[in-house]
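Starting off with a structure, shown below.
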Amino acid sequence: MKFFIDTADLTEISEAHAMGILDGVTTNPSLCAKVGVRDFEAHIAKICEIVDGDVSAEVVSTTYDDMVAEGRRLADIAPNVVVKIPLIKDGIKAIRTFTDEGIKTNCTLCFSPTQALVAAKAGATYISPFVGRLDDVSTDGMQLIEDIVTIYDNYGYETEVLVASIRHPMHVVESARIGAHVATMPLSVIEALIKHPLTDNGLAKFLADWDKLQASLK
Ligand code: G3P
C-alpha cells in the first residue's frame with residue numbers, strides 16, 4: 001500500500017519524507033490556502049524536489065479548454081506531477097485528453113461508485129473517493145472504497161484507488177484490508193499509525209530497568 005501525505009505544508013512533507021515511508025503528496029486549493037501559498041507552480045516545484053513520488057496538483061479551472069491548458073502547465077513543472085481534476089463532465093473529458101497524452105491524472109471529489117467507474121473508463125491514473133466527508137453526512141465512506149475496489153477488479157481497470165479525506169488510523173486499516181492502492185493522510189494520521197501506549201510504556205520500562213542494572217553494577 002502506498003502512503004501519500006495530504007498537505008501543502010513543506011515542513012510536514014519534509015518530516016514525513018524523512019521517515020522513509022512516503023510515496024507521494026496530494027494537495028488541493030484548500031490545503032494551499034491553509035499554508036498561504038502565493039506562487040502555486042513554484043510551490044509544487046519545491047514539493048517535487050523533496051519527494052520522488054507522485055505529487056498531485058489541482059486545477060482550478062472548470063471548463064474543458066481551461067482545464068487542459070492549466071493541466072498541461074502543471075504537468076510541465078516536473079515529471080512526477082499528477083494533474084488533479086474534479087469529477088465533473090468537462091473534467092472527465094480533460095482526463096481522457098491527458099490519458100491520451102500520457103499525462104498522469106488524479107480524479108478528485110469522488111463520492112459514488114458510478115463516478116469512479118466513469119473516471120476509470122476515461123483512464124484516470126488515480127480516483128480519489130473522500131471517505132471522511134461521506135462519514136460526515138452519515139454515509140459509510142469505507143463501503144464506497146469496497147465498492148470501487150470490487151468494480152475495478154471485476155473489469156481489470158488500472159486506475160488506482162487513492163483513499164482521501166482520511167481522518168483517523170481506522171480509515172487506513174480498513175483501506176488496507178479492502179486492498180485500496182493508496183492512502184493519503186495528514187501528518188497527524190501518519191504519526192498516529194505508529195503510536196501505541198503499550199509500546200511507549202514498554203519502552204519506558206525497558207529503559208528504567210536498564211538504568212537500574214547499570215546503577216547496580218557501579
Ligand atoms: O485529499 C482530500 C482531502 O484533503 C479532503 O480532506 O479532511 O478536507 O475532507 P478533508
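Remember, it's 1-based here, ligands and their atoms both numbered in the order they're listed. This structure is a prediction, so every number in the text was calculated from the model and none was measured. Sequence positions, counted from 1, serve as the residue numbers for this chain. What's counted below: heavy atoms across the whole structure, side chains too, no hydrogens, waters or symmetry copies.
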Extract all donor-acceptor atom pairs below 3.5 Å that involve side chains of residues 11-27 and protein atoms in other chains or at least two apart in sequence.
unit_1: E12; atom_1: OE1; unit_2: T7; atom_2: OG1; d: 3.1
unit_1: S14; atom_1: OG; unit_2: L10; atom_2: O; d: 2.9
unit_1: H17; atom_1: NE2; unit_2: I50; atom_2: O; d: 3.4
unit_1: D23; atom_1: OD2; unit_2: F3; atom_2: N; d: 2.7
unit_1: T26; atom_1: OG1; unit_2: D6; atom_2: OD1; d: 2.7
unit_1: T26; atom_1: OG1; unit_2: T184; atom_2: OG1; d: 2.6
unit_1: T27; atom_1: OG1; unit_2: S56; atom_2: O; d: 2.7

Interfacing atoms of ligand 1 (cut-off 4.0 Å, heavy-atom, F130)
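The atoms of ligand 1 under 4.0 Å from a heavy atom of F130 are 2 (C), 5 (C).
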Top protein contact for atom 4 (O) of ligand 1, by heavy-atom distance: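 Protein heavy atom at minimum distance: D6 OD2, 2.6 Å.
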For ligand 1, which is the ligand I care about here, please tell me if N28 has any N or O atom under 3.5 Å from one of the ligand's N or O atoms.
yes
Acceptor/donor pairs from residues 206-213 side chains to any protein atom, 3.5 angstrom cut, sequence neighbours excluded:
unit_1: D209; atom_1: OD1; unit_2: K205; atom_2: NZ; d: 3.4
unit_1: D209; atom_1: OD2; unit_2: K205; atom_2: NZ; d: 2.9

Discussion item. So that I can tick it off, tell me whether R167 and D135 are bridged by a salt bridge, with the cut-off set at under 4.0 angstrom between side-chain N and carboxylate O.
Written reply: no
Item checked: From K84, R167, M185, R133 - option closest to atom 5 (C) of ligand 1 by heavy atom ->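 The residue whose heavy atom sits nearest atom 5 (C) of ligand 1 is R133.
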Note: T108, heavy atoms under 4.0 Å from ligand 1, region reported as neither
Notebook entry, point to check: Is the shortest distance from a Lys or Arg side-chain nitrogen in D200 or K195 to a carboxylate oxygen in the other one below 4.0 Å?
Noted result: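 Looking at K195 together with D200, the answer is yes, because their closest N to O distance falls below 4.0 Å.
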| With a 4.5 Å heavy-atom cut-off, do V82 and V55 have their side chains touching? |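 Answer no - side chains too far apart.
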Closest to atom 6 (O) of ligand 1 among protein heavy atoms sits S165 CA, 3.4 Å
If we number the atoms of ligand 1 from 1 as shown, the ones under 4.0 Å from a heavy atom of A164 are 1 (O), 2 (C)
Begin from the C-alpha positions of M67 and I85 and carry the test side-chain contact (heavy atoms from CB on, under 4.5 Å) through to its verdict. CA-CA 8 Å; M67 276 192 261; I85 307 274; 3.8 Å; yes
